[in-house]
Amino acid sequence: GAGVSQSPRYKVAKRGQDVALRCDPISGHVSLFWYQQALGQGPEFLTYFQNEAQLDKSGLPSDRFFAERPEGSVSTLKIQRTQQEDSAVYLCASSLGVPGPLSYEQYFGPGTRLTVT
Amino acid sequence: GQQVMQIPQYQHVQEGEDFTTYCNSSTTLSNIQWYKQRPGGHPVFLIQLVKSGEVKKQKRLTFQFGEAKKNSSLHITATQTTDVGTYFCAGMNYGGATNKLIFGTGTLLAVQP
């Protein structure tokens with residue numbers, strides 16, 4: 001079946017512009033995660049949804065970052081007034097179940113590479 | 001907060017040589033996962049370890065979870081060019097301050113034919 005898809009794959013924004021990044025998780029997956037990956041680094045957690053509920057947004061760097069998953073499927077990560085330090089690859093991942101002592105594997109999308117000029 | 005470090009950052013081997021990457025957490029983990037990210041690609045799940053001292057094998061890959069559940073290792077026997085990529089461990093401390101996966105810093109493996 002289809003995997004996790006993300007769009008756009010590449011986005012160039014001028015500093016100060018708003019951007020919206022979309023994630024289509026695997027159908028039926030309860031959990032959805034957003035990560036930020038800087039060049040040469042591991043993915044860093046941004047936020048977590050269980051169905052439509054945003055249960056953890058502790059990784060969002062500032063109040064310029066906002067995420068939603070209104071119907072428990074597609075999710076959007078919005079960044080307002082982009083800054084150069086926001087340049088990174090934004091990865092979305094979904095998993096069948098919820099985090100627990102025995103976690104479920106996360107299926108990652110191809111990512112959106114954001115460049116802020 | 002919780003930190004997960006990996007060593008080495010980079011390893012270059014000749015095809016056929018063995019390779020090991022080590023993962024160390026600042027806190028005790030409930031479970032640890034390993035992912036592989038090819039150049040230009042996205043992380044792909046390899047395996048999950050849950051029990052203290054657990055050892056799992058996948059063909060030429062051997063994964064180990066430490067007795068104290070604070071460290072892990074991935075060993076590849078007789079590397080091939082298809083093994084090229086960055087290997088990340090990702091740990092969770094379920095029931096701790098947060099229930100999210102904390103990814104390690106990664107080890108980039110280069111294999112020379």
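Throughout, a chain's letter reflects where its sequence line sits, starting with A, and its residues are numbered from 1. These numbers come from a predicted model, not from an experiment.
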Heavy-atom cut-off 4.5 Å, strictly under: side chain, backbone, both or neither for Gln37(A) against chain B? side chain
Should the pair Glu54(B)-Lys56(B) be classified as a salt bridge under the 4.0 Å nitrogen-to-oxygen rule? yes
Just by distance, with hydrogens left out, do Ser95(A) and Glu105(A) show a side-chain donor and acceptor under 3.5 Å apart? no
Residue, of Pro110(A), Pro43(A), Gly40(A), Gly42(A), that accumulates the most heavy atom pairs under 4.5 Å with chain B: Pro43(A)
Hey, are the side chains of Leu101(B) and Phe33(A) touching, using non-hydrogen atoms and a 4.5 Å cut-off? no
Pair up each side-chain donor or acceptor in residues 102-113 of chain B with any protein partner under 3.5 Å, not counting sequence neighbours, and list the distances.
{"residue": "Thr105(B)", "atom": "OG1", "partner": "Gln6(B)", "partner atom": "N", "Å": "3.1"}
{"residue": "Thr107(B)", "atom": "OG1", "partner": "Pro8(B)", "partner atom": "O", "Å": "2.5"}
{"residue": "Thr107(B)", "atom": "OG1", "partner": "Thr21(B)", "partner atom": "OG1", "Å": "2.7"}
{"residue": "Gln112(B)", "atom": "OE1", "partner": "His12(B)", "partner atom": "NE2", "Å": "3.2"}

Closer than 3.5 angstrom, by distance alone: can the side chain of Thr112(A) be matched with the main-chain N or O of Arg9(A) as a donor-acceptor pair? no
Output the distance between atom OG (Ser94(A)) and atom CG (Leu32(A)), rounded to the nearest 0.5 Å. 6.5 Å
Please work out which of the three classes, parallel, tilted or perpendicular, describes the rings of His29(A) and Tyr107(A), given edges at 30° and 60°. tilted
Output yes when a side-chain donor or acceptor of Gln41(A) lies under 3.5 Å from a complementary backbone atom of Ala38(A), and no otherwise. no
Inter-chain contacts: residues 59-91 of chain A against chain B, heavy atoms under 4.5 Å: Leu91(A)
Heavy-atom proximity to chain A below 4.5 Å, by part of Gln9(B): neither
Check each atom of Tyr35(A) against the heavy atoms of chain B and say whether the ones under 4.5 Å are side chain, backbone, both or neither. side chain
